[in-house]
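In this text, all values refer to a predicted model and were calculated from it rather than measured experimentally. Excluded from the calculations below are hydrogen atoms, water molecules and symmetry mates; all remaining heavy atoms, backbone and side chain alike, are included. Here is how names work: the chains are called A, B, and so on, in the same order as the sequence lines, proteins then strands, and each is numbered from 1.
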Number of protein chains: 4
Amino acid sequence: MKKKLSTKENPKQEERQPRRYSSEESRRLLIEATLDSIVDVGFSSTSVSEIVTRANLSRGMVHLYFDNKDTLLVAAAKHAAEVYFRNLSDQLESAGSRPQEIIETVILSDLGEALLNERMVKIWFAFRGEAHANKAITQFSDTRDEQLRGMIFDAFVEVAIEQGEPEPAKFARDTTHGTLALLEGMWTDFLLHSDSFSRKSAARIIFRFLSGVYPQHFDLDGAIVK
Amino acid sequence: MKKKLSTKENPKQEERQPRRYSSEESRRLLIEATLDSIVDVGFSSTSVSEIVTRANLSRGMVHLYFDNKDTLLVAAAKHAAEVYFRNLSDQLESAGSRPQEIIETVILSDLGEALLNERMVKIWFAFRGEAHANKAITQFSDTRDEQLRGMIFDAFVEVAIEQGEPEPAKFARDTTHGTLALLEGMWTDFLLHSDSFSRKSAARIIFRFLSGVYPQHFDLDGAIVK
Amino acid sequence: MKKKLSTKENPKQEERQPRRYSSEESRRLLIEATLDSIVDVGFSSTSVSEIVTRANLSRGMVHLYFDNKDTLLVAAAKHAAEVYFRNLSDQLESAGSRPQEIIETVILSDLGEALLNERMVKIWFAFRGEAHANKAITQFSDTRDEQLRGMIFDAFVEVAIEQGEPEPAKFARDTTHGTLALLEGMWTDFLLHSDSFSRKSAARIIFRFLSGVYPQHFDLDGAIVK
Amino acid sequence: MKKKLSTKENPKQEERQPRRYSSEESRRLLIEATLDSIVDVGFSSTSVSEIVTRANLSRGMVHLYFDNKDTLLVAAAKHAAEVYFRNLSDQLESAGSRPQEIIETVILSDLGEALLNERMVKIWFAFRGEAHANKAITQFSDTRDEQLRGMIFDAFVEVAIEQGEPEPAKFARDTTHGTLALLEGMWTDFLLHSDSFSRKSAARIIFRFLSGVYPQHFDLDGAIVK
DNA sequence: GATGAATGAGTTTTCATTCAT
DNA sequence: GATGAATGAAAACTCATTCAT
């Protein structure tokens with residue numbers, strides 16, 4: 001699907017190809033090509049030409065399906081966010097229902113290959129870099145949405161109560177916030193030092209912190225599910 | 001993502017001002033204008049026109065002093081990084097020398113108004129969004145440089161030893177990494193939710209985690225300096 | 001001079017209407033939509049999209065029935081001219097056969113609501129503006145065709161003879177030309193000042209001029225039919 | 001100044017020409033090229049490319065001096081109107097001050113080579129064709145402005161009084177309106193039949209009408225100045 | 001026949017860069 | 001050195017036309 005813009009020729013003389021995709025297919029190809037371009041050449045070098053070349057579609061396509069480039073970029077941001085949340089949801093679905101398990105799943109999923117990889121990280125940071133200049137993108141640039149945050153919070157509340165914390169809600173709110181901040185920090189780390197980044201270390205560090213505040217429920221290896 | 005040049009018309013026709021700046025002064029004005037533009041209209045809308053209008057300098061200046069726009073952008077990234085580190089250094093200078101104090105100072109400085117503010121955050125995330133497409137920018141997009149990291153690590157090692165950790169280096173490495181990740185996460189939080197962000201909460205959360213792993217050296221209010 | 005396609009969204013999703021028109025019907029709808037578009041958004045903003053949207057027909061229709069846009073425009077010009085002349089003919093049919101009556105009928109018809117109205121005027125001037133760039137349109141941009149001119153001329157000759165003009169043909173030729181010029185001038189007036197235009201004044205002025213050159217046959221109120 | 005777009009090459013290899021005009025000169029060249037293009041290829045075929053090729057200027061020029069094509073078109077309309085009125089004023093300046101002379105001068109000037117020629121006529125009708133779609137152009141599409149109309153009216157009032165008309169103002173208003181309409185009609189005639197058009201005939205016809213309503217002041221050859 | 005998705009040439013516009021002054 | 005007018009490549013976008021269905 002990818003095709004370098006600069007790659008001069010594919011040797012087999014591109015035969016006039018009136019191949020059609022469904023409307024939905026074409027939209028998807030354009031969004032995918034947009035994300036590819038952002039990953040490969042960066043946000044500011046992602047032109048319509050770059051996109052349609054990668055998608056191997058005509059340039060009119062962008063305006064046919066998205067009206068303008070901006071709308072396509074927003075759609076791409078939306079798509080990236082959906083992929084992230086869908087994937088996380090799927091992994092949570094197959095997890096246990098105990099609070100520690102939920103928390104462990106979120107952390108390990110967020111640090112797992114499926115979500116945390118070069119492509120994803122570049123896309124997220126590219127959109128965040130542009131977010132404040134484009135309000136439509138802003139809404140899709142937060143990986144930690146309310147629903148997710150609520151779920152983690154509820155899990156932490158349960159654990160905090162079990163632990164006999166005097167102010168479980170407050171304690172849970174802080175540890176939720178901190179855990180999400182740690183995950184964000186790990187993504188930044190991956191962006192800036194993807195070569196030296198270790199998913200295992202990242203997980204261990206987070207669980208080390210959690211084991212500090214919830215010693216009966218977490219250890220360095222993750223959740224202690226009783 | 002393009003926007004009209006932000007016509008900041010000052011209505012009183014700015015009378016032709018042939019005042020000359022020193023070469024260094026002009027460079028600084030251009031860099032500052034570049035950062036202002038990134039903050040106000042975003043990276044992708046930051047054009048040479050936008051910059052020279054803001055700097056109130058002639059359009060040729062950019063190429064006279066920086067050869068091309070790209071070099072100016074890199075210089076602006078470098079400048080932003082220098083401002084960040086100089087400020088942090090200054091605050092560390094006037095801090096105590098005990099390990100807990102060093103760690104506390106880094107955390108509180110990094111969360112303080114001087115470093116963590118809308119302008120700074122927008123600039124950092126803008127550059128990070130473009131970092132992978134511009135290798136020259138990459139090197140200035142990491143807030144956590146080696147020297148800083150080393151200093152924090154050394155402080156944590158000392159504390160870990162005092163605490164009697166069996167593997168103080170490993171423990172310190174993890175807590176260093178985790179603390180920096182938490183700070184990064186807090187910056188992201190500020191970017192995405194600057195209205196609801198609380199420096200106090202952010203600090204409390206970080207110290208809560210630290211008090212979990214170093215119970216004799218930190219509590220919710222910061223470092224316990226004995 | 002370009003404008004967004006005038007999105008005349010009718011909010012109730014026009015339910016897919018596979019009703020078929022006859023070929024002649026479709027041609028007519030397209031021509032009418034073309035003229036509507038010229039009236040509403042102007043010649044240069046009249047695109048195929050604009051036309052087919054207004055006609056509520058498929059985009060291929062234009063090329064199916066007219067080969068290309070240009071041919072459709074020419075057909076629309078032809079149609080507009082036909083409407084004008086048919087209408088004028090009809091009104092002449094029901095007029096008296098005396099020369100003054102013929103002249104009066106032409107003048108009053110040409111200034112009447114049926115012929116001289118905003119739609120007609122905009123259409124004529126739009127086509128005239130493009131006429132010299134499109135030879136096919138040129139032939140339909142003259143409201144004063146040979147047949148009409150001949151009829152008026154004949155009427156004036158008769159009147160001039162009755163009046164005892166020494167050179168009735170020359171006199172009639174001039175007054176024919178002048179009368180048609182006056183009518184053209186009144187149309188221009190209507191185009192540029194449709195709000196302050198008065199059909200009555202326009203007629204009175206023309207008859208005032210005619211009463212000057214044919215005092216026994218015309219007065220301010222029109223023809224004096226003896 | 002004119003250069004056909006399609007004219008392939010001027011044989012002397014166009015040497016890289018960094019020739020500069022003054023800002024005002026460049027503006028004028030662009031306006032002139034715009035009018036040339038409208039005359040030669042019509043309004044709807046007048047693209048920025050067409051204009052800059054004719055002006056032999058770079059394409060950025062249009063946006064440097066006029067911001068966008070539309071503004072240039074309006075400036076061209078304004079310029080055309082100014083040329084028309086300046087020329088007419090000049091000719092009136094050197095005319096006598098007697099009312100008949102003023103009227104005669106207006107008529108003969110308006111029908112003279114300097115004002116009524118193919119270029120002028122095409123330009124005026126092109127703008128009028130677009131006028132209703134572009135309000136900025138509308139204001140420059142009326143050849144008969146208030147000042148001119150007032151001057152003619154005043155002259156006719158004087159003449160009407162001399163003639164002993166019972167309602168000189170009303171009479172003058174009608175003859176003013178009629179004379180201007182006749183002139184407009186003659187311009188239309190010139191547009192549509194420039195080959196058979198005769199300035200002499202046009203003048204004679206107008207004066208014939210005037211001699212009908214002001215028999216003591218005008219005859220077929222123009223004004224009778226006593 | 002009829003449709004409207006798809007195309008890509010051509011349009012307007014932007015903007016980094018050049019360079020005469 | 002300093003300026004900003006000028007350039008033109010490349011950007012975003014439009015739209016008449018084609019053609020598989």
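Residue whose closest nucleotide on DNA chain E sits further toward the 5' end, between A:Gly60 and D:Val48: A:Gly60.
The salt bridge (Lys or Arg N to Asp or Glu O under 4.0 Å) analysis of residues 66-77 of chain B, with sequence neighbours excluded, yields no pairs.
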With salt bridge (charged side-chain N to carboxylate O under 4.0 Å, His left out) as the test, would you mind laying out the steps for B:Glu24 and B:Arg28 before giving the verdict?
CA-CA 6 Å; B:Glu24 214 35 63; B:Arg28 224 210 64 244; over 6 Å; no

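Nucleic acid contact class of C:Asn68 (heavy atoms, under 4.0 Å, all strands): sugar-phosphate only.
The distance between atom NZ of C:Lys69 and atom P of F:dC15, rounded to the nearest whole Å, is 8 Å. Atoms CG (D:Leu64) and P (F:dT3) sit 18 Å apart, rounded to a whole Å. Going from atom CG of D:Leu72 over to atom P of E:dT12 covers 10 Å, rounded to whole Å. As rounded to whole Å, 11 Å separates atom P of F:dA2 from atom CG of B:Leu30. Rounded to an integer number of Å, the gap from CZ of B:Phe66 to P of E:dT17 is 13 Å. Following rounding to the nearest Å, B:Ile51 (CD1) and E:dC15 (P) show an atom-to-atom distance of 11 Å. The CD atom of C:Glu25 sits 13 Å away from the P atom of E:dA2 (whole-angstrom rounding). In this structure, the CG atom of A:Asn56 is 13 Å from the C1' atom of E:dT7, given to the nearest Å.
In this model, no side-chain donor or acceptor of D:Arg59 finds a partner on the base of F:dT7 within 3.5 Å.
Of all heavy-atom pairs between C:Leu30 and C:Ala55, the closest is CD2-CB, 4.1 Å. Minimum interatomic distance between A:Val39 and A:Lys122 (heavy atoms only, all atoms of both residues): O-CD, 3.7 Å. The minimum heavy-atom distance linking D:Glu130 with C:Ser44 is given by the pair OE1-OG, 3.0 Å.
Picking from F:dA11, F:dT18, E:dT18 the nucleotide with the shortest atom distance to the side chain of C:His63 gives F:dT18. Here the nucleotide nearest the side chain of A:Ser47, chosen from F:dT3, F:dT7, F:dA11, is F:dA11. Of the candidates F:dA9, E:dA16, F:dT3, the closest approach to any side-chain atom of B:Met61 belongs to F:dT3.
Between B:Tyr65 and the phosphate of F:dG1, there is no side-chain N or O to OP1/OP2 separation shorter than 4.0 Å.
Ring geometry, A:Phe43 versus A:Phe127: the interplanar angle exceeds 60°, so the pair is classed perpendicular (tilted spans 30 to 60°).
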Which nucleotides of DNA chain E pair, in dot-bracket form (Watson-Crick or G-U under 3.5 Å, | meaning another strand):
.||||||||||||||||||||

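D:Ile31 pairs by the side chain to side chain contact (heavy atoms under 4.5 Å, CB included) definition with D:Leu35, D:Phe66, D:Leu72, D:Ala75, D:Ala76, D:His79, not counting sequence neighbours.
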